[in-house]
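In what follows, a structure is listed as structure tokens, so that the remarks can point back to it.
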Amino acid sequence: MVTNRTFTMIKPDAVKNGHIGAILAQINAAGFRIVAMKLTQLSPAKAAKFYEVHKERPFYGELVDFMSSGPIVAAILEKENAVEDFRKLIGATDPAKADPGTIRALYAQSMGENAVHGSDSDENAQIESAFHFSGVEEF
Ligand code: UDP
Ligand code: MG
């Protein structure tokens, strides 16, 4: 398993609010290399599948609606210790609790509409990358 990669999405709120460029600049400045990237939109069915682990949680319906509500940027990122370092760069799930300067502290509005996704393990980074990209789209 590749362990120096993580998967991210710039979520519909941040795309709509014009933050793609600033977020990608912050990701590059933190030392991540972009391995794959696309602007795309999740269907409700694909969003439901992507977040299936949360299907028993009370916020699942809203999360699926939100994540399929508009375009996202999906990307695979590479850096030593990618998963952990990227979670630090994005900050806590709730932007009110995210450290100052983190992507969520800067660009997120709420616990639900929180600007970015970051994989939580090497295993999930691999699964989530394969969900969005085929091998020939990775560079
Ligand atoms: N989420 C939400 N309400 C909650 C917890 C999570 O709407 O109480 C949403 C939020 O968009 C979050 C996503 O569900 O990013 C996945 O939740 P998780 O706990 O995996 O947070 P993350 O790993 O994204 O920080
Ligand atoms: Mg998570």
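Just so you know, ligand 1 is whichever comes first in the structure, and atom 1 is the first atom listed for that ligand.
Sorted by first and then second residue, the ring-ring contact (aromatic ring centres under 6.0 Å, His included) pairs involving residues 77-113 (not counting sequence neighbours) are His19-Tyr107, Phe32-Phe86.
Applying the salt bridge (Lys or Arg N to Asp or Glu O under 4.0 Å) test to Lys55 and every residue at least two apart in sequence or in another chain returns nothing. Every residue meeting the side-chain hydrogen bond (donor to acceptor under 3.5 Å, both in side chains) condition with Glu52, not counting sequence neighbours, appears here in chain and number order: Lys49.
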For ligand 1, run through the N/O pairs with the protein that fall under 3.5 Å and put one pair on each line.
unit_1: ligand 1; atom_1: 11 (O); unit_2: Lys11; atom_2: NZ; d: 3.1
unit_1: ligand 1; atom_1: 11 (O); unit_2: Gly112; atom_2: O; d: 2.9
unit_1: ligand 1; atom_1: 11 (O); unit_2: Asn114; atom_2: OD1; d: 3.4
unit_1: ligand 1; atom_1: 15 (O); unit_2: Lys11; atom_2: NZ; d: 2.9
unit_1: ligand 1; atom_1: 15 (O); unit_2: Asn114; atom_2: ND2; d: 2.9
unit_1: ligand 1; atom_1: 20 (O); unit_2: His54; atom_2: NE2; d: 3.1
unit_1: ligand 1; atom_1: 21 (O); unit_2: Thr93; atom_2: OG1; d: 3.3
unit_1: ligand 1; atom_1: 23 (O); unit_2: Arg87; atom_2: NH1; d: 2.8
unit_1: ligand 1; atom_1: 23 (O); unit_2: Arg87; atom_2: NH2; d: 3.2
unit_1: ligand 1; atom_1: 24 (O); unit_2: Arg104; atom_2: NH2; d: 3.0
unit_1: ligand 1; atom_1: 25 (O); unit_2: Arg87; atom_2: NH2; d: 3.1
unit_1: ligand 1; atom_1: 25 (O); unit_2: Thr93; atom_2: OG1; d: 2.5
unit_1: ligand 1; atom_1: 25 (O); unit_2: Arg104; atom_2: NH1; d: 3.1

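Side-chain atoms of Thr8 come within 3.5 Å of backbone atoms of His117 as a donor-acceptor pair (strictly under, hydrogens ignored).
Using a 30° and 60° split on the angle between ring planes, Phe59 and His54 fall in the tilted class, from 30° to 60°.
Within a 6.0 Å sphere centred on CD of Glu62, heavy atoms belonging to other residues, nucleotides or ligands number 12 at most.
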